[in-house]
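The shown structure was predicted, so the numbers you read here are calculated from the model rather than taken from an experiment. Start at 1 and go down the list; that is how both ligands and their atoms are numbered.
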Amino acid sequence: MHDEQLKATANRMVANGKGLLAADESNGTIGKRFEAVGVENTHENRRAYRELLFTAPDIAEGISGVIMYDETFRDTASTGASFVSLLESADVLPGIKVDEGTEPMDGSPEEKVTKGLESLSSRMPEYAELGAKFAKWRAVITIGEGIPTDANLTENARRLAAYAKICQENGIVPIVEPEVLMDWSNGQAECEAVSERNLTHVFAALRAADVLIEGMILKTNMMVPGKESGETKTPEEVAEATLRVFTKVLPPGLPGQMFLSGGQSELEATENLAAMHARGPLPWKLSFSYGRALQKGALEAWRGMPENVPAAQAAFLHRAKMNRLAALGRYTKEAEAKA
Ligand code: 13P
């Protein structure tokens, strides 16, 4: 019913090398980010911080959409305008995170499943009414002794597909985010093997649920070694492994894959994306949907001080620009140094 609208929105999200700002940290998670720069986690500070990001001058040059947390999505800026209308007038698509976090899986508590499906059908029409053009649901996959199990991959994929179907029935583009965490001691090869299994489950579930592939966006991880592994890989090695997996599992017609940064530094996230596009024209749109890798410098520049807003906006816009250049295959060290 909404097919043409879904395709148009999904294509707009990845057009011209643009990417998404993931500003959908829950109130708990943004509290951790604030704590690192000495900012108190109050509603006023959350609002001021999101306002500085969303009103960054010419934000739409690098950013096609913003993912918000429910509180921000319903909130207003200091001018009294809603954040949704403020983004729309800047030519940026408003999006919302609709999952309700994770919980341990029955029978395998080290693994997680994502919550929020029961109430989703009743919540979704309201999000559409309030102006959401796309939504996000994140599944997290943990690597460890004997895990992930097929049962965990199957259940997370089933929930992602059910969520995606509900989004599309409401004219909202689903971002399907199955994230293999990079927090553990596994090497890159294991990340690659698990990611391939994971994405195979996800696309099988999407097909089984009759999700329109042309009207969705994938948001998955790069093939990187776990942080505790002691292994390091060059951007070229990350790009090679990531593209190897994508060649096997990404279906034709997918409008785009927008990476999460997952704990990579700002520079790593840009250089890894750039290395993929340096390998020549790719058959898919690969872009970014970064949280930490777009915001770290901005948060450090801001530190909760109104006089630091222009510097914080400049830091954020610079990262957006560098990632867009990476997605266009035009990123250079010289451009990076012009900060
Ligand atoms: P990071 O880029 O910080 O991983 O956040 C992106 C995101 O949306 C995770 O769900």
Quick one: which ligand 1 atoms are inside 4.0 Å of a heavy atom on [X]?
{"X": "Ala22", "answer": "6 (C), 8 (O)"}
{"X": "Tyr290", "answer": "2 (O)"}
{"X": "Ser289", "answer": "6 (C)"}
{"X": "Gly291", "answer": "1 (P), 2 (O), 3 (O), 5 (O), 6 (C)"}

Looking only at distance, does Lys136 have an N or O less than 3.5 Å from an N or O of ligand 1?
yes
Below 3.5 Å, N or O to N or O, backbone or side chain included: is there any such pair between Gly262 and ligand 1?
yes
Distance alone, cut at 3.5 Å: any donor-acceptor contact between the side chains of [X] and [Y]?
{"X": "Ser229", "Y": "Asn186", "value": "no"}
{"X": "Thr270", "Y": "Asn323", "value": "yes"}
{"X": "Glu111", "Y": "Ser108", "value": "yes"}
{"X": "Arg303", "Y": "Asn308", "value": "no"}
{"X": "Thr9", "Y": "Lys133", "value": "no"}
{"X": "Ser85", "Y": "Ser82", "value": "yes"}

Can you name the residues that form a side chain to side chain contact (heavy atoms under 4.5 Å, CB included) with Ala48, not counting sequence neighbours?
Trp302
Which residue from Arg138, Glu179, Met258, Lys219 reaches closest to atom 8 (O) of ligand 1 through any of its heavy atoms?
Lys219
For ligand 1, is any non-hydrogen atom under 4.0 Å from Ser261's backbone (N, CA, C, O), its side chain (CB onward), both, or neither?
both
Among all protein non-hydrogen atoms, which one is nearest to atom 9 (C) of ligand 1, and what is the separation to 0.1 Å?
Glu177 OE2, 3.3 Å
